[in-house]
Amino acid sequence: MSKIQEEIKKRILVLDGAMGTMLQRYKFEEEDFRGERFKDFPHPLKGNNDLLSITQPEAVKSVHRAYFEAGADIVETNTFSGTTIGMADYHMEDLVYELNFQSAKIAREVADEFTDKPRFVAGSIGPTNRTASMSPDVNDPGFRAVNFDDLKIAYKQQVEALIDGGCDLLLVETIFDTLNAKAALFAIEEVKEERNIDIPVMVSGTITDASGRTLSGQTVEAFLISISHIPLLSVGFNCALGADQLKPYLKRLGNNTSLNISAHPNAGLPNAFGQYDQTPEEMQQLIREYLQENLVNIIGGCCGTTPEHIKLIAEVAKEFKPRPVEKTHVLSQ
């Protein structure tokens, strides 16, 4: 049994908040993204946050450190777009291994600075910017911008680098298309088998709107069945919705699984300018309701959340016991 599997039985674990929100505070310009190494790169690089692990590592480290200081047990690597598919937008496919390895390495270094309690690094595996189960062209419903094998190959490269860099667990997150996620999980299982290792895996989907479905049309229950053949540390939801809108879907999840449940909602819904207005105090109150109702084992924040949000979430998480997982009805497959 891994250390995190031991810890999750003892207490509610706290995940970090948003990486992008924090990096935006630095107001990095094109030359900051490029650094010295990429100053003559022939394509624009501004916006490639994953690249900052190479060109601005101290900034990324400071974000990890701020979340650990706020009380986070787990920080996510700065690798949300770290596949050849995601990096194709910046013509940086060749850098994928290095980006993931370096991101994991610097997160590991910061985690090791904290010795008061176990701290963990989760390799962040995003959904890519393509969907395998739907066509992006309304005039050609059979067209696919990516297929399962392409995704599996891309994810496998990312997974290997994250493990080599020192991750304790892997987080397949912000899943809008479960077929993409299944490719990631397949890649993880392949790496585990080839290396004869067992690394814990978290899965976190995204309910895109009030329909209560993922972008590819699955209900909570369908999503759960689709991924439940894989041994998982936890299943949960993140992004898209604020804590109050996400709550009913976490309840449905909890009614149907004996897995640990995670949630890292946004700081409310974005305003007209794309900003998130929910204060740490407001979010803390909503998360308190989660904990009072025994909904989660892992809690954190997504878009718009900061160390200030995580600090108050960590404070309230100490007051409650983790959701019991032994006696829950499980969906038949």
Side-chain angles (χ1 to χ4, degrees), residues 2 4-5 8 13 15 74 76 80 83 85 122-128 130-134 146-156 158-159 162-163 167 169-193 198-208 211-241 246 248-265 295-300 302 323 325 328-333:
S2 71
I4 195 166
Q5 287 165 321
I8 203 168
L13 297 181
L15 192 66
I74 308 166
E76 302 166 61
F80 187 78
T83 58
I85 294 167
S124 172
I125 300 172
T128 81
R130 299 184 199 170
T131 172
S133 66
M134 296 184 295
V146 70
N147 64 40
F148 185 91
D149 288 337
D150 293 336
L151 285 163
K152 190 206 80 170
I153 291 165
Y155 280 129
K156 190 171 180 182
Q158 182 176 29
V159 167
L162 289 170
I163 293 172
C167 288
L169 64 150
L170 299 169
L171 170 55
V172 182
E173 65 168 311
T174 322
I175 298 162
F176 57 78
D177 184 341
T178 310
L179 192 56
N180 288 39
K182 286 167 87 84
L185 293 169
F186 192 89
I188 291 167
E189 290 303 303
E190 216 171 65
V191 173
K192 283 165 63 174
E193 189 174 333
D198 188 16
I199 185 166
V201 179
M202 294 174 63
V203 162
S204 185
T206 292
I207 300 294
T208 49
S211 70
R213 293 171 181 263
T214 64
L215 186 66
S216 55
Q218 285 190 311
T219 61
V220 170
E221 294 80 5
F223 168 70
L224 180 62
I225 289 173
S226 293
I227 49 91
S228 58
H229 61 294
I230 298 286
L232 297 173
L233 174 70
S234 67
V235 63
F237 291 117
N238 73 289
C239 204
L241 304 176
L246 193 59
Y249 307 115
L250 290 172
K251 281 186 175 178
R252 281 167 58 182
L253 199 58
N255 289 337
N256 290 293
T257 184
S258 58
L259 289 168
N260 296 301
I261 290 181
S262 73
H264 49 297
L295 295 183
V296 293
N297 305 87
I298 302 172
I299 187 70
C302 202
R323 169 183 169 273
V325 296
T328 312
H329 166 69
V330 182
L331 275 172
S332 59
Q333 295 178 48

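Position 1 is the first residue of the sequence; numbering continues from there.
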**Q.** Nearest-0.5 Å distance, OG of residue Ser262 to CG of residue Asn297
**A.** 9.0 Å

(Q) Would you compute the distance between atom NZ of Lys182 and atom OG of Ser226 and round it to the nearest 0.5 angstrom? (A) 5.0 Å

Q | Smallest separation among heavy atoms of Ser124 and Gln158, with atom names | A | O-NE2, 3.4 Å

Q: Please examine the side chains of Ser234 and Ile298, heavy atoms only from C-beta on, and report whether any two atoms are closer than 4.5 Å.
A: yes

Q) Is there a donor-acceptor pair closer than 3.5 Å between any side-chain N or O of Asp177 and the backbone N or O of Thr131? A) no

Q | Donor-acceptor contact below 3.5 Å, side chain Thr206 vs main chain Thr208 | A | no

Q. Rounded to the nearest 0.5 Å, what separation is found between the CD1 atom of Ile188 and the CD1 atom of Ile199?
A. 8.0 Å

(Q) Let's go through Tyr249 and Leu241 carefully: what are the C-alpha distance in whole Å and the side-chain angles of both, what is the deciding distance for side chain to side chain contact (heavy atoms under 4.5 Å, CB included) to 0.1 Å, and is it a yes or a no? (A) CA-CA 11 Å; Tyr249 307 115; Leu241 304 176; 3.9 Å; yes

(Q) I need the minimum non-hydrogen distance between Gly254 and Ile261, along with the two atoms involved. (A) CA-CD1, 3.3 Å

Q.
Taking the side chain as everything from C-beta on, heavy atoms only, tell me whether Ile4 gets closer than 4.5 Å to Ile74.
A. yes

Q. Is there a donor-acceptor contact under 3.5 Å from the side chain of Thr219 to the main chain of Ala222?
A. yes

**Q.** Ring center gap for Phe223 and Phe237 short of 6.0 angstrom
**A.** yes

Q. Where is the tightest heavy-atom contact between Leu295 and Arg323, given as atom of each residue plus distance?
A. O-CD, 3.4 Å

(Q) Quick check for you: to the nearest 0.5 Å, what is the distance between Cys239 atom SG and Glu173 atom CD? (A) 8.5 Å

Q) Looking at side-chain heavy atoms only, is the closest gap between Asn255 and Leu253 below 4.5 Å? A) no

Q) Does Asn238 use its side chain to pair, donor to acceptor, with the backbone of Thr174 at less than 3.5 Å? A) yes

Q) Rounded to the nearest 0.5 Å, what separation is found between the CE atom of Met202 and the CG atom of Leu169? A) 6.5 Å

Q) Nearest heavy-atom pair of Phe186 and Lys152: which atoms, and what distance? A) CD2-CD, 3.2 Å

Q. Is there side-chain contact between Asn180 and Tyr155, with heavy atoms separated by less than 4.5 Å?
A. yes

**Q.** Under 3.5 Å: donor-acceptor pair, side chain of Gln5, backbone of Ser2
**A.** yes

Q | Nearest heavy-atom neighbours spanning Ile85 and Ala154 | A | CD1-CB, 3.9 Å

Q. Atom CG of Leu15 and atom CG of Leu171: how far apart are they, to the nearest 0.5 Å?
A. 6.5 Å

Q | Non-hydrogen atoms of Lys192 and Pro231 that approach each other most closely | A | NZ-CG, 4.3 Å

(Q) Consider side-chain contact (heavy atoms from CB on, under 4.5 Å). Of Val235, Val159, Leu185, Ile230, which one does Val201 pass it with? (A) Leu185

